[in-house]
Amino acid sequence: MTKYKILVQVLDRLRTEAPTTFRSYHPESADIDGVNAARSKAFIHLFLKVRFGLLTFAEREVYVTEGTNDGGIDAYYIDAQTRTIFFVQSKFRQTEHNFEAKAIELEELLRMDIDRILDGESVDLRGQEYNSKIKALVQRIRGLDNISRYNYQVVVLANVKDLARQKLQVLTGGFAAQVFDHARCYKELLFPLITATFYTFDDLHIALNLSNKNAGAKISYTVVAELAKLEITVVFVPTIEIATAMHKYRNAILRYNPRSYLDHEGQSVNAEIRRSIVERKTNEFALFNNGITILSDGTFLNERIGQKDRAQLTLVNPQIINGGQTAYTLSQIYREHDEIKRAEIFGDKEVLVKIITFDCDSELEEQKKLELIDAISRATNSQTVVSKADRRSNEVELKQLQERCFDSFGIWLERKRGEFSDGIREGYIQPHVVVDRNIFIRAAAIARGNLATASMKKVFVTSDFSSYLNAPPEQFERYNLALQVLRWIHEGKGIYRSRLKEDAVCKAYVALLLITTKTKENEATPEVVQACVETTRRYWNGFQGYLQRKYPGKGYWWLSKSMTRVFNLRHTLERPHAASDVAEFFADPKKHMAERENHSSSSSGGGIPVEPAGEAPTAK
């Protein structure tokens, strides 16, 4: 499924969040114009959700001004944190080609009445009154006490013809402008939404309860480590605070964690966490749970906030590096209940939180920081074992490989286990579009003709990601083609999370070679791929028999424990002549099958025993 089709699927899903009373979001499916108009408005919702973290339809809809008499402004947002007022002009295209190729008409930018609206005008140049949403915008701006400190910025959600920034600024009335063209929409709106990493934030404020703390809210300790000076702060935090933060920030607060949401694995641990919160009215949770470890660039705690027995903890750019399962399970409980039930369930239950703060004066390069984080994660983890593969999930080269896969092919490569769970749960994508990291590396190895690597048990753990990342465009295209072949070969057989047998690896490689004899690799349609895979399946035994007859020498056979000669198919296919062998056999497979039958008849009187050609032996 292409990136555009996924985008449309996401927009349709966002439309369903609108109450039925908002009829413009729920046209009849036969009403093509109505559906297109609804998707255009949902496109604005996508931007508001990802860019500003407005999670609910109601939060976003108040900023959508698109409609008649909107002054050329489709949406706005007043960001109090950055003191910026954003004006949005959006143009969603109804076909993939137009979305990726067609530019917005410059006249549409010229029609933005930002100057008139900011000057307090209530009508446009034609004397038409602005709609109620635009009037609400004016009222909000009037209500800002420190409006003199605000800046204005135009956001264009559309492709724009090649223009210098100065010329674009002229078109938008002199206001600074940023353009989200199709590529940026895919990369900075669609992908973060699916991975639940879209909400960026600087400070996290947490309310603390001091009523049961005899010696203050925290314990602090300074550690001088080999790589940096660190401050460790230990506090007990209300579970409702962790649940709320995780519900809002999701995977954005797990960037340094080796895994994302673990709803597919570690279910027994999740169940225990859930029971200790939901089924107990007292605070055994604080006893049973090992706690959460958070990394922070700055930690501030104030116990004098004008409220008795209350304090506020502020964390700068926090990241959970251990205890992600605890935080995730708490957020799920929060998500499942209304405010009254949440208050009853979470009550006064608290969880131990250890905060590790980097010394602001220490300059620690990103790679060294990641190494230290990995060491801390390895030492503190005890609930669910972190595999070697999970530990490699945050390597820079793997992140870049994921980005290149998405940019080049729209492949949803699962770098971290569970990172697409939120997108699947929300109905934005289906599980079958996610590509397991092991399978992608196997496909890339098949594309290179390295069949021994492709059939290794721990291929991901032992891989050099940079070698795959830095492949030239032609070879990178071949990775994607090999992946398509694997999809067809193991349709419906759970390929994405299973080890490939060597026979399947060899079969995929032969089908890949066959495709190159039929068409240019970059022109191989899904129909061509499927046809070549089916042909390979149909004549697989015959092709192996053809190779056995063609290469009877020692270099192509090995002796089994029972002293039977066994043909080494993988070794044969890794040789340079494999491409010509495939071309020769599949040019007329029935002819070679007939030759095999004739050969079998003439040699039936005896000879060296040979294992049947159906299933190739697994690599030793």
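Numbers here simply count residues along the sequence, with the first being 1. All values below were derived from every heavy atom in this structure, side-chain atoms included, with hydrogens, water molecules and symmetry-related copies excluded.
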Student: Do you know which two heavy atoms are closest between A327 and I320, and how far apart they sit?
Tutor: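 Scanning both residues completely, I find the closest heavy atoms to be CB-CD1, 3.8 Å.
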Student: Any side-chain donor-acceptor pair under 3.5 Å between Y546 and E584?
Tutor: yes
Student: Going through the distances and angles, do E523 and K518 end up as a salt bridge (charged side-chain N to carboxylate O under 4.0 Å, His left out)?
Tutor: CA-CA 10 Å; E523 297 177 359; K518 301 292 185 183; over 6 Å; no
Student: Under 4.5 Å between any side-chain heavy atoms of L547 and Q544, yes or no?
Tutor: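 With C-beta onward as the side chain, the pair stays apart.
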Student: At what distance, to the nearest 0.5 angstrom, does CZ of F586 lie from CG of L513?
Tutor: 9.5 Å
Student: Is it true that E426 and R250 have a side-chain N and a carboxylate O under 4.0 angstrom from each other?
Tutor: yes
Student: Is there side-chain contact between L559 and V566, with heavy atoms separated by less than 4.5 Å?
Tutor: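 Result no, sub-4.5 Å side-chain heavy-atom pair not found.
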Student: Please confirm whether the backbone N or O of C405 pairs with a side-chain atom of S408, one donor and one acceptor, at under 3.5 Å?
Tutor: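 No.
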Student: Check the pair R437, D390 against salt bridge (charged side-chain N to carboxylate O under 4.0 Å, His left out), reporting the backbone distance first and the verdict last.
Tutor: CA-CA 11 Å; R437 58 197 179 189; D390 286 337; 2.8 Å; yes
Student: State the CG-OG distance between L398 and S393, to the nearest 0.5 angstrom.
Tutor: 7.5 Å
Student: Can you list the steps and then say if C185 with F47 is a side-chain contact (heavy atoms from CB on, under 4.5 Å)?
Tutor: CA-CA 9 Å; C185 285; F47 173 77; over 6 Å; no
Student: Looking at every heavy atom in both A508 and I446, which two are closest together, and how far apart are they?
Tutor: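 Looking at all heavy atoms of both residues, the closest pair is CB-CD1, 4.0 Å.
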Student: Determine whether a donor-acceptor pair (N or O, by modelled atom type, separation under 3.5 Å) exists between the side chain of E419 and the backbone of R415.
Tutor: yes
Student: Can you list everything that forms a salt bridge (Lys or Arg N to Asp or Glu O under 4.0 Å) with R184? Sequence neighbours excluded, please.
Tutor: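 R184 satisfies salt bridge (Lys or Arg N to Asp or Glu O under 4.0 Å) with E188 only.
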Student: Please report the interatomic distance OG1(T326) to CD1(I273), rounded to the nearest 0.5 Å.
Tutor: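 So the OG1 of T326 and the CD1 of I273 are separated by 3.5 Å.
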Student: Scan residues 26-35 for pairs that pass side chain to side chain donor-acceptor pair (under 3.5 Å), counting only residues two or more places apart or in two chains.
Tutor: none
Student: Test the R448-Y468 pair against the cation-pi criterion, namely NZ or CZ under 6.0 angstrom from the six-membered ring centroid and within 45° of the ring axis.
Tutor: yes
Student: Quick check: do I6 and Y428 have side-chain heavy atoms less than 4.5 Å from each other?
Tutor: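 No, their side chains stay 4.5 Å or more apart.
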Student: Would you say that I321 contacts Y256 through its side chain, given a criterion of any heavy-atom pair below 4.5 Å between the two side chains?
Tutor: yes
Student: To the nearest 0.5 Å, what is the distance between CG (L55) and CG (L48)?
Tutor: 12.0 Å
Student: Have N394 and R255 got a donor and an acceptor in their side chains that come within less than 3.5 Å?
Tutor: no
Student: Dump the intermediate steps for side-chain contact (heavy atoms from CB on, under 4.5 Å) on Q94 and N98, then the final yes or no.
Tutor: CA-CA 7 Å; Q94 311 306 331; N98 286 346; over 6 Å; no
Student: Determine whether I104 and K161 make a side-chain contact, defined as any pair of heavy atoms from C-beta on separated by less than 4.5 Å.
Tutor: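 Of all side-chain heavy-atom pairs linking K161 with I104, none is under 4.5 Å.
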Student: So how far is it from E100 CD to Y186 OH, rounded to the nearest 0.5 Å?
Tutor: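 OH of Y186 is found 3.5 Å from CD of E100.
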Student: Could you walk me through whether R570 and V505 pass side-chain contact (heavy atoms from CB on, under 4.5 Å), step by step?
Tutor: CA-CA 9 Å; R570 176 180 61 77; V505 168; over 6 Å; no
Student: Using a strict cut-off of less than 4.0 Å between a Lys/Arg side-chain nitrogen and an Asp/Glu carboxylate oxygen, indicate whether D407 and R404 qualify as a salt bridge.
Tutor: no
Student: How far apart are the closest heavy atoms of P27 and R15, and which atoms are they?
Tutor: CD-NH1, 3.6 Å
Student: Would you call E397-R392 a salt bridge at under 4.0 Å N-O?
Tutor: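 So E397 does not pair with R392 through a salt bridge.
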Student: Verify, without hydrogens or angle tests, whether T329 (side chain) and Q325 (backbone) share a donor-acceptor contact under 3.5 angstrom.
Tutor: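 Side chain of T329 to backbone of Q325, a donor-acceptor pair under 3.5 Å: yes, one is there.
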Student: Roughly how far, to the nearest 0.5 Å, is the CG atom of L481 from the CD1 atom of I515?
Tutor: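 The CD1 atom of I515 sits 4.5 Å away from the CG atom of L481.
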Student: Does Q319 use its side chain to pair, donor to acceptor, with the backbone of A252 at less than 3.5 Å?
Tutor: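 Between the backbone of A252 and the side chain of Q319 there is a qualifying donor-acceptor contact (under 3.5 Å).
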Student: Side chains of residues 469-476: which donor-acceptor partners sit under 3.5 Å, not counting sequence neighbours?
Tutor:
from : atom 1 : to   : atom 2 : distance (Å)
N470 : ND2    : S466 : O      : 3.0
Q475 : OE1    : Y479 : OH     : 3.1

Student: Is any side-chain heavy atom of T197 less than 4.5 Å from a side-chain heavy atom of L254?
Tutor: no
Student: Indicate whether the side chain of Q530 and that of Q484 have a donor and an acceptor atom separated by less than 3.5 Å.
Tutor: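 No pair is found: no donor N or O on one side chain lies under 3.5 Å from an acceptor on the other.
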Student: Are W557 and Y551 an aromatic pair by the rule of ring centers under 6.0 Å?
Tutor: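 No; Y551 has its ring centre 6.0 Å or more from that of W557.
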Student: Would you mind reporting whether T195 and D422 have side-chain heavy atoms less than 4.5 Å apart?
Tutor: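 Counting from C-beta outward, D422 and T195 never come under 4.5 Å.
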Student: Kindly assign one of parallel, tilted or perpendicular to the pair F585 and Y539, based on the angle between their ring planes and the thresholds 30° and 60°.
Tutor: perpendicular
Student: Kindly assign one of parallel, tilted or perpendicular to the pair F460 and F465, based on the angle between their ring planes and the thresholds 30° and 60°.
Tutor: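 It falls in the tilted class, 30° to 60°.
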Student: Quick one: closest heavy-atom pair of A443 and L486, and the distance?
Tutor: CB-CD1, 3.8 Å
Student: List the steps and the verdict of ring pair (Phe, Tyr, Trp, His ring centres under 6.0 Å) for F567 and W558.
Tutor: CA-CA 7 Å; F567 186 65; W558 59 280; over 10 Å; no
Student: What are the two closest heavy atoms between G323 and I292, and how far apart are they?
Tutor: O-CG1, 3.9 Å
Student: Taking all heavy atoms of Q9 and all of G427, pick out the closest pair and write down the distance.
Tutor: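 Minimum heavy-atom contact is NE2-O, 4.2 Å.
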Student: Check whether NZ of the Lys or CZ of the Arg K3 lies under 6.0 Å from the centre of the six-membered ring of F406 and within 45 degrees of that ring's axis.
Tutor: yes
Student: Measure from the side-chain N and O atoms of Q332 to the backbone N and O of R274, and report whether any donor-acceptor pair falls under 3.5 Å.
Tutor: no
Student: Salt-bridged, D581 to K550, with N to O below 4.0 Å?
Tutor: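 Result for this pair is yes, salt bridge flagged.
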Student: Taking the side chain as everything from C-beta on, heavy atoms only, tell me whether F99 gets closer than 4.5 Å to N159.
Tutor: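 Result no, sub-4.5 Å side-chain heavy-atom pair not found.
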Student: Please tell me whether Y25 and H45 have a donor and an acceptor in their side chains that are separated by less than 3.5 angstrom.
Tutor: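 There is such a pair (donor and acceptor under 3.5 Å, judged by atom type) between the side chains of Y25 and H45.
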Student: Decide side-chain contact (heavy atoms from CB on, under 4.5 Å) for R93 and R39; before the verdict, give the C-alpha distance in whole Å, the side-chain angles of both, and the deciding distance to 0.1 Å.
Tutor: CA-CA 9 Å; R93 306 295 182 184; R39 286 173 177 168; over 6 Å; no
